[in-house]
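Okay, structure first, notes after.
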There are 2 protein chains.
Amino acid sequence: MEFNSETEQKILNAATEVFLQHGHDGARTEEIAKVAGINKALLHYYFRTKERLYQEVLNHQVKKVISDLFASLQPETDMPTFLQGFISSYVDRIQQNPQVVRFMLWEMRSGASNLQMLLSEIISDQNSPSPHSLVKRIQTAVKEKEIRQVDPHHLVFNLIAMCIYTFIAAPIIGSIFPDININDPSFLKRRKKEIFNLVWYGIKP
Amino acid sequence: MEFNSETEQKILNAATEVFLQHGHDGARTEEIAKVAGINKALLHYYFRTKERLYQEVLNHQVKKVISDLFASLQPETDMPTFLQGFISSYVDRIQQNPQVVRFMLWEMRSGASNLQMLLSEIISDQNSPSPHSLVKRIQTAVKEKEIRQVDPHHLVFNLIAMCIYTFIAAPIIGSIFPDININDPSFLKRRKKEIFNLVWYGIKP
DNA sequence: GTCTATAATAAGATAGAC
DNA sequence: GTCTATCTTATTATAGAC
């Protein structure tokens, strides 16, 4: 197991910051170098091209997003607790780092075959939890009449959608409803509660 | 009232296509010219710079997205019909043109002050319907106990989130659940039904 | 109005000294 | 390993003929 040199890591961190903010096309290697506190030449020394550096960042971020998403699932608890836990921890995570989602949704244009493969790999790895765990927990709940008849996939989509939306649409929301402050703790609390209520009343038997 | 020349319009259409796909930074004026069937020089003749052309496109698209979103609201109908109408027409619109939403969410980084202003303008225009109409319809429903106590803003966020999500996350969803085809009519029908059921059961008194 | 040719600049990548 | 200086190429923008 080889460890990255400190410099390599500094470049990776800087690249992550810059790529997440500007995307692949908007990112400038010069800015990455500047943020890392080094120069372009050294960047090329470590990563050869902008493309390779981008792939490293993308790879790492995608893995992190997926595993973060399902790391905190507690399938053994009853449905309301399970939902509340998922919503709460997921909203917190997104709020702490909304850029990742914005970045992924943008860069994932249909036809990004490298990403398709990357995702397939991650999902098929049996050790790590996957969206399928979430789907399965809901399927079980339906079968045991813990909740009403509902399409598990669509419920998963709906949950993720609601947790994500306000944070990636923050600038829009801010312009349209000036009195709402997305990052205010009271907003967060409210948000979680409203999502949970809608979903729980929406699916309880 | 002056009308755009045919060529000007061809360039605008091409620019829209290219900017929506690649974003501001990824778009190339040469590609725009090619798609429009003209050359770069003519593009500059009409729009002077890439920046101005971009602003035209952005301006037009943002206005369209907002007005489309609320054009089909029918506040006079009862709540279930109202919801069903909104969900159905909104999902259809997004599905027909998911790129616009992806583009807006991406380009709206916090600090895009030109956009903030643009949105404020559109919203404050009393003639056109705004998100506030949707909020108001829900407020009324709460007041008249047509639905349970619910935060109108959050319900609006939730509705929009669910309608949008699957379409901008289509590539991700495709990779994780290979057996789901977002553009299949049966998926669309299912999607609308599941959103409506979750929301209606979730808010009925 | 529309084109070809070209200038001006920006950005990625490399050579070579230290 | 790290830097400065430089090359090469891509991209925006303009000049000038038709």
Side-chain angles (χ1 to χ4, degrees), chain A residues 1-61 99 103 106-107 109 111-112 114-115, chain B residues 1-61 99 103 106-107 109 111-112 114-115:
Chain A
M1 182 73 180
E2 179 161 347
F3 286 100
N4 299 334
S5 77
E6 199 186 326
T7 311
E8 198 174 344
Q9 197 56 52
K10 274 198 300 182
I11 297 174
L12 269 174
N13 293 149
T16 303
E17 184 184 328
V18 174
F19 277 127
L20 291 207
Q21 186 158 69
H22 298 291
H24 173 278
D25 296 335
R28 297 292 164 246
T29 54
E30 182 129 34
E31 188 184 353
I32 294 174
K34 195 182 157 198
V35 171
I38 50 103
N39 59 15
K40 280 188 292 182
L42 199 52
L43 185 153
H44 281 90
Y45 172 78
Y46 278 102
F47 295 94
R48 186 117 190 105
T49 67
K50 176 184 178 181
E51 237 47 50
R52 281 176 198 266
L53 181 52
Y54 175 76
Q55 287 301 328
E56 294 267 342
V57 170
L58 185 69
N59 198 302
H60 187 257
Q61 290 301 309
Q99 302 203 89
F103 170 77
W106 175 250
E107 300 285 310
R109 59 199 83 200
N114 50 343
L115 268 201
Chain B
M1 183 74 179
E2 179 161 346
F3 285 100
N4 299 334
S5 78
E6 199 186 328
T7 309
E8 198 174 344
Q9 196 56 50
K10 274 197 301 184
I11 297 174
L12 269 175
N13 292 150
T16 303
E17 184 184 327
V18 175
F19 276 127
L20 290 206
Q21 186 157 71
H22 298 290
H24 173 278
D25 296 335
R28 296 292 163 244
T29 54
E30 181 128 34
E31 190 185 352
I32 295 173
K34 195 182 158 198
V35 171
I38 50 105
N39 59 13
K40 282 186 291 181
L42 200 51
L43 184 155
H44 282 89
Y45 172 77
Y46 278 102
F47 295 95
R48 187 118 191 102
T49 68
K50 178 185 178 181
E51 235 48 50
R52 280 175 200 266
L53 180 53
Y54 175 75
Q55 287 303 328
E56 295 266 342
V57 170
L58 185 68
N59 197 301
H60 188 257
Q61 290 301 308
Q99 303 203 88
F103 170 77
W106 175 250
E107 300 284 312
R109 60 200 81 202
N114 50 343
L115 268 200

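Proteins get letters first, then strands, A, B, ... in listed order; numbering begins at 1 in each.
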Problem set entry | dA10(D) OP1/OP2 closer than 4.0 Å to side-chain N/O of Arg28(B) | no

Exercise. So do the side chains of His22(A) and Glu17(A) get within less than 4.5 Å of each other, counting heavy atoms only?
Worked result: no

Exercise. Is the His24(A) ring parallel, tilted or perpendicular to the Tyr54(A) ring (thresholds 30°, 60°)?
Worked result: perpendicular

For this session: State, to 0.1 Å, how close Ile32(A) and Ala14(A) come at their nearest heavy-atom pair, and which atoms those are.
Result: O-CB, 3.4 Å

Exercise. Which heavy atom of Lys40(B) sits nearest a heavy atom of Thr29(B), and at what distance?
Worked result: CD-OG1, 3.9 Å

Problem set entry | Spacing between Ile11(B) atom CD1 and dA13(D) atom P, to the nearest angstrom | 14 Å

For this session: Would you mind classifying the nucleic acid contact of Ala33(B) as base, sugar-phosphate or nothing, using non-hydrogen atoms under 4.0 angstrom?
Result: nothing

Seminar exercise, completed: In this structure, CD1 of Ile38(B) is separated from OH of Tyr45(B) (nearest 0.5 Å) by 12.5 Å

For this session: Shoot me the first and last contacting nucleotide of DNA chain C against chain B, ordered 5' to 3', at under 4.0 angstrom to non-hydrogen atoms.
Result: dG1(C) to dT4(C)

For this session: Could you tell me if the ring centre of Phe103(A) sits under 6.0 Å from that of Phe19(A)?
Result: no

Exercise. Would you say the side chain of Gln9(A) lies within less than 4.5 Å of the side chain of Leu12(A), judging by non-hydrogen atoms?
Worked result: yes

Exercise. Are the side chain of Asn39(B) and the backbone N or O of Leu42(B) linked by a donor-acceptor pair below 3.5 Å?
Worked result: yes

Problem set entry | Interface residues of residues 38-53 of chain A with DNA chain C (non-hydrogen, below 4.0 angstrom) | Lys40(A), Ala41(A), His44(A), Arg48(A), Thr49(A), Lys50(A)

